[in-house]
Amino acid sequence: DLLHAVETELSAWNWMWHHVRRSDRAQQQGDPGFPDIVAVRVFRVVVVELKTAKGRVEHAQQAWLDAWAAAGAEVYVWRPADLDRIKEALR
């Protein structure tokens with residue numbers, strides 16, 4: 001499971017991170033498309049959208065990713081095949 005692998009790496013490298021499970025059922029406010037994971041460690045902010053191998057980034061999700069990138073965050077769209085890149089990015 002991709003989410004579990006990312007959570008494991010974040011915890012192993014002492015990131016503070018947040019993920020809303022079942023965001024479709026959670027009470028939320030604000031603009032739609034908020035990223036799956038937001039993580040902070042020292043001077044880094046990482047924002048991640050998790051997708052299946054063929055999953056598409058929706059327009060609202062891309063708008064959030066673009067805004068985070070413009071604000072200086074590292075922005076990623078990760079898929080199951082990206083596990084080695086994920087481990088490298090979070091070290």
K.L.:
Is there a path of hydrophobic side-chain contacts, each under 4.5 Å between heavy atoms, that joins L3 and W13?
P.N.:
yes

K.L.:
Side chain to side chain contact (heavy atoms under 4.5 Å, CB included) with R79: which of K51, E49, R85?
P.N.:
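Of the listed residues K51, E49, R85, the side chain to side chain contact (heavy atoms under 4.5 Å, CB included) partner of R79 is K51.
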
K.L.:
Look only at the side chain of Q61 and the backbone of E58, and say whether a donor-acceptor pair between them is shorter than 3.5 Å.
P.N.:
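A pair under 3.5 Å: yes.
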
K.L.:
Let me confirm one number: the OG1-CG distance from T52 to L2, rounded to the nearest 0.5 Å.
P.N.:
9.5 Å

K.L.:
Can you tell me if R41 uses its side chain to pair, donor with acceptor, with the backbone of R91 under 3.5 Å?
P.N.:
yes

K.L.:
Are I86 and I37 grouped together when hydrophobic residues (ILVMFWY) are joined by side-chain heavy atoms under 4.5 angstrom apart?
P.N.:
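Yes; tracing contacts between hydrophobic side chains, which count when under 4.5 Å, links both residues.
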
K.L.:
Within the 4.5 Å heavy-atom criterion, are Q62 and D66 side-chain neighbours or not?
P.N.:
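Yes - at least one pair of side-chain heavy atoms lies under 4.5 Å apart.
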
K.L.:
Is V75 reachable from V77 through a run of I, L, V, M, F, W or Y residues, each pair having side-chain heavy atoms under 4.5 Å apart?
P.N.:
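Hydrophobic grouping puts V77 with V75.
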
K.L.:
Return the CG to NE2 distance between D36 and H19, rounded to the nearest 0.5 Å.
P.N.:
6.0 Å

K.L.:
Working to the nearest 0.5 Å, report the span between CD of E7 and CG of D1.
P.N.:
8.0 Å

K.L.:
Same cluster or not: V6 versus V38, using hydrophobic residues (I, L, V, M, F, W, Y) connected whenever any side-chain heavy atoms lie under 4.5 Å apart?
P.N.:
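No, because V6 and V38 fall into different hydrophobic clusters, even though each may have its own neighbours under 4.5 Å.
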
K.L.:
Using the rule given for side-chain contact (heavy atoms from CB on, under 4.5 Å), can you reason through V46 versus Y76, listing the C-alpha separation, both sets of side-chain angles and the distance that settles it, and then say yes or no?
P.N.:
CA-CA 8 Å; V46 169; Y76 300 97; 3.8 Å; yes

K.L.:
Could you check whether any side-chain N or O of W68 sits under 3.5 Å from a backbone N or O of E74, counting only pairs where one atom can act as donor and the other as acceptor?
P.N.:
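Looks like no, no N/O pair under 3.5 Å.
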
K.L.:
Between W64 and D31, is there a side-chain heavy-atom distance shorter than 4.5 Å?
P.N.:
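Counting from C-beta outward, D31 and W64 do come under 4.5 Å.
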
K.L.:
Which atom pair, heavy atoms only, marks the closest approach of A60 to P32?
P.N.:
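Minimum heavy-atom contact is CB-O, 3.5 Å.
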
K.L.:
When you group the ILVMFWY residues by side-chain heavy-atom contacts below 4.5 Å and let the links chain together, are V40 and W78 in the same group?
P.N.:
no

